[in-house]
Amino acid sequence: MKRGDVVAATAKLLNHLIPAYGMSLVSPAWPDPALAEREAAARWSALRTVFAPTAAPRSRVQALASYDVRWILATPAQAKTFDRLPGVGEVEHGPQGTVLFRVETGRRS
């Protein structure tokens, strides 16, 4: 992971740590007055789609691509939902069983 990369994560602790290391989140970890309410809602909706095990794979991949997500940081329970998602591969296991996935889909060139 490097500064400026976009990360999808839902765990509260992770959402507060990721920006401290220079990465961006799909949805804000706390209210952001610079982000319009409509955009914040769209980002939360995309994040819910990414982590929804019942969402169609195509919808999940589109949500990742729409925010140019490069990484997913998942809890052990969430990690199972990314096993066969196209363009997503497991990279590393971390503390408390967190799993880092690299996303190879998106708008970047």
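Scope of the values below: all heavy atoms of this structure, side chains included, with no hydrogens, waters or symmetry mates. This chain uses plain numbering: 1 for the first residue, then up along the sequence. Note that the structure is a prediction, hence the values are computed from the model and not measured.
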Straight-line distance of Leu35 CG to Ser27 OG, nearest 0.5 Å: 9.5 Å
Point-to-point distance, once rounded to the nearest 0.5 Å, from CD of Gln78 to CD1 of Ile72: 9.5 Å
To the nearest 0.5 Å, how far apart are CE in Met1 and OH in Tyr21? 11.0 Å
Checking side-chain contact (heavy atoms from CB on, under 4.5 Å) for the pair Val6/Trp71: CA distance, chi angles, key distance, verdict? CA-CA 7 Å; Val6 179; Trp71 304 96; over 6 Å; no
What is the minimum heavy-atom distance between Trp44 and Pro28, and which atoms define it? CZ2-O, 3.3 Å
Give, for atom CG of Leu64 and atom CZ of Arg70, the distance between the pair rounded to the nearest 0.5 Å. 13.0 Å
Check: Val7 and Ser24 side chains under 4.5 Å, non-hydrogen atoms: no
Between Phe82 and Phe101, how do the two ring planes meet: parallel, tilted or perpendicular, split at 30° and 60°? tilted
So Glu90 and Val99, side-chain contact (heavy atoms from CB on, under 4.5 Å) or not? Walk me through it. CA-CA 7 Å; Glu90 188 175 308; Val99 183; 3.6 Å; yes
Donor-acceptor contact present, side-chain Arg60 to main-chain Val50, <3.5 Å: yes
Straight-line distance of Asp5 CG to Arg3 CZ, nearest 0.5 Å: 11.0 Å
If I compare all heavy atoms of Ala46 with all of Ala63, which pair ends up nearest, and what's the gap? O-CB, 3.7 Å
Nearest-0.5 Å distance, CG of residue Leu73 to CD of residue Glu92: 11.5 Å
If I compare all heavy atoms of Gly97 with all of Pro76, which pair ends up nearest, and what's the gap? O-CG, 3.4 Å
Donor-acceptor contact below 3.5 Å, side chain Arg102 vs main chain Gly89: no
Nearest atoms (heavy-atom pairs only) where Ala55 meets Thr49: CB-O, 3.7 Å
Under 3.5 Å, is there a donor-acceptor pair linking the side chains of Arg48 and Thr10? no
